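Take a look at the structure set out below.
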Amino acid sequence: MDNHNLKTIVKLEDIHKAYGDVEVLKGITMEVTEGEVVVLVGPSGTGKSTLLRCINQLTIPDRGRVWLEEIELTDHKTDIDAARRHIGMVFQDFNLFNHLTALGNVTLGLTRVLGMHKEEAHQKAMQELERVGLEDKWMNYPGQLSGGQKQRVAIARSLAMDPVVMLFDEPTSALDPELIGEVLLVMKDLALGGMTMVCVTHEIGFAREVASRIVFMEHGVIAESGTPEKMLKNPDLPRTKQFLGKISDLH
Amino acid sequence: MTFLAYLQIAIPKLAEGLLITFRVSLICLGIGVLIGFPAALARVYGPKWLRIIVTGYIEILRGTPVLVQLFLVYYGLPQFGLTLTAFSSAYIALGFNSSAYQAEYFRGAIQAISGGQMMAARSIGMSRIQAIRYVIIPQAFRFAIPAWSNEVVAMIKITSIVYLIAVPEMLYVAKELMAKYFNPFQTYITVGVIYLLVIAIMSIILNRLEKRLTIPGLDLAKRSSA
């Protein structure tokens with residue numbers, strides 16, 4: 001694929017993060033260009049989620065720099081709240097606002113962050129709910145939705161902000177097996193629609209179908225990365241082959 | 001005098017006292033919310049130095065008898081030239097005391113909300129303040145209602161101690177009646193029954209409020225996705 005004309009959306013430079021004595025990230029450098037779908041895989045505890053949260057600065061790295069397009073997010077002068085609205089994030093546990101309906105969850109950012117009028121926000125929110133196939137569930141509270149529906153509302157909530165990149169932190173790990181498909185379907189649609197995405201997931205089928213790149217992380221560093229083709233069939237490291245082989249068997 | 005005849009005299013007087021009981025309770029609960037809720041927010045979200053101050057405030061007020069606090073305000077402050085009326089002393093002592101308990105109830109409610117919701121709010125570009133305002137507070141108030149109901153009941157009963165500084169609430173009226181008619185048993189039984197009725201009614205109202213404000217499906221969600 002020819003990426004020369006595409007602009008860089010996210011750039012990470014030498015990211016370090018430690019929790020106490022445990023160094024979770026030991027110098028991660030990577031770039032995500034427009035329209036790319038990057039799938040991060042690796043054993044648990046290797047810092048994949050931490051890395052994702054370093055991108056939108058929900059976790060502040062100890063060292064290293066992060067850019068969103070031309071804005072340096074790690075610069076203290078950057079208005080991080082303003083920058084964050086351009087970075088969508090989907091969590092393992094959905095983290096919907098429990099006191100608001102599906103519609104309320106999607107509109108809250110539109111009205112309170114973007115200052116949209118209520119009517120306009122409703123219209124926009126309904127469009128996003130339609131996009132994830134939940135327009136008829138708009139009046140339901142999170143407690144009245146299935147896990148898969150909750151996650152789709154969470155995706156709609158992020159999409160409503162018109163992000164330039166979407167981060168997915170194990171979006172299907174908390175779901176019953178029969179509900180995973182509906183969430184992956186929405187994610188595939190997004191990927192095919194050209195959304196720039198960084199996904200921590202072990203859904204190898206998803207990676208094989210839509211990933212531009214699979215990044216294998218272990219012990220806080222990027223061990224190897226490449227196209228799904230290469231990574232799944234013919235990786236450089238035996239360890240990559242072993243790990244991806246194992247999770248492919250599972251799915 | 002028969003008990004019935006006595007009640008005809010006593011009830012209107014006790015009712016006047018009860019109004020004062022209500023007034024003191026309401027104002028003290030109000031002061032309690034106004035200080036207690038921000039104190040709870042400060043204790044959860046504040047910087048370390050503020051958390052220490054607030055925790056100290058809460059522990060001191062909860063760790064000493066409210067009667068001592070009341071006397072300190074009413075009898076102690078005049079020594080420093082600050083003389084307050086009995087009413088003001090009651091409002092301040094009981095209100096501040098209540099704020100300490102309410103702060104703890106609200107803190108429990110705030111901490112019952114998953115940290116993930118705060119993260120999600122931040123991820124769509126909300127500031128910390130906005131996330132607290134639009135995501136945490138609306139849920140915290142709902143979660144706090146059951147514990148807060150206890151505080152309402154406790155407050156109505158606790159106001160009875162202000163008769164010791166001659167605030168003419170119900171118990172003070174009772175003491176006057178008793179001195180006149182020499183019938184402590186009838187008087188205190190009557191007072192006790194009135195407290196019981198008032199508290200039963202308050203409990204029903206607060207229970208209804210709690211049910212009305214329940215977030216649809218939330219209990220269900222808690223059980224199924226633990």
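So that the names make sense, note that chain A is the first sequence line, chain B the second, and so on, each numbered from 1. Keep in mind the model is a prediction, meaning the values are calculated, not measured. Every heavy atom of this structure was used, including side-chain atoms; hydrogens, water molecules and symmetry mates were not.
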CD of B:Q139 to CG of A:L100: how many Å apart, nearest 0.5 Å?
7.5 Å

Measure the spacing between CG of A:D81 and CZ of B:R122 and express it to the nearest 0.5 Å.
5.0 Å

Donor-acceptor under 3.5 Å (A:H99 side chain, B:Y134 main chain):
yes

Select one option (side chain, backbone, both, neither) describing which atoms of B:R142 are under 4.5 Å from chain A's heavy atoms.
side chain

Can you spot which of A:R157, A:M89, A:R85 makes a side-chain contact (heavy atoms from CB on, under 4.5 Å) with B:I124?
A:R157

What is the distance from atom CG of A:L58 to atom CE of B:M118, rounded to the nearest 0.5 Å?
11.0 Å

Using a 6.0 Å cut-off, check whether atom NZ of A:K188 has over 12 heavy atoms from anything other than its own residue.
yes

Rounded to the nearest 0.5 Å, how far apart are CZ of A:R112 and OG of B:S127?
12.0 Å

Hey, which of A:I87, A:L108, A:N56 has the most heavy atom pairs under 4.5 Å with chain B?
A:L108

Looking only at heavy atoms, what is the nearest atom pair of B:G217 and A:Q144, with distance?
CA-CG, 4.0 Å

Side chain, backbone, both or neither: which part of B:Q130 has an atom under 4.5 Å from a heavy atom of chain A?
side chain

Got a sec: does the CD of A:E178 have more than 12 other heavy atoms crowding it under 6.0 Å?
yes

Please classify the contact of A:L145 with chain B as side chain, backbone, both or neither, using a heavy-atom distance under 4.5 Å.
neither

Atom CD1 of B:I129: over 12 foreign heavy atoms under 6.0 Å:
no

For A:W67, is the CH2 atom crowded, meaning more than 12 foreign heavy atoms sit under 6.0 Å from it?
yes

Side chain, backbone, both or neither of A:F91 within contact of chain B (heavy atoms, under 4.5 Å)
side chain

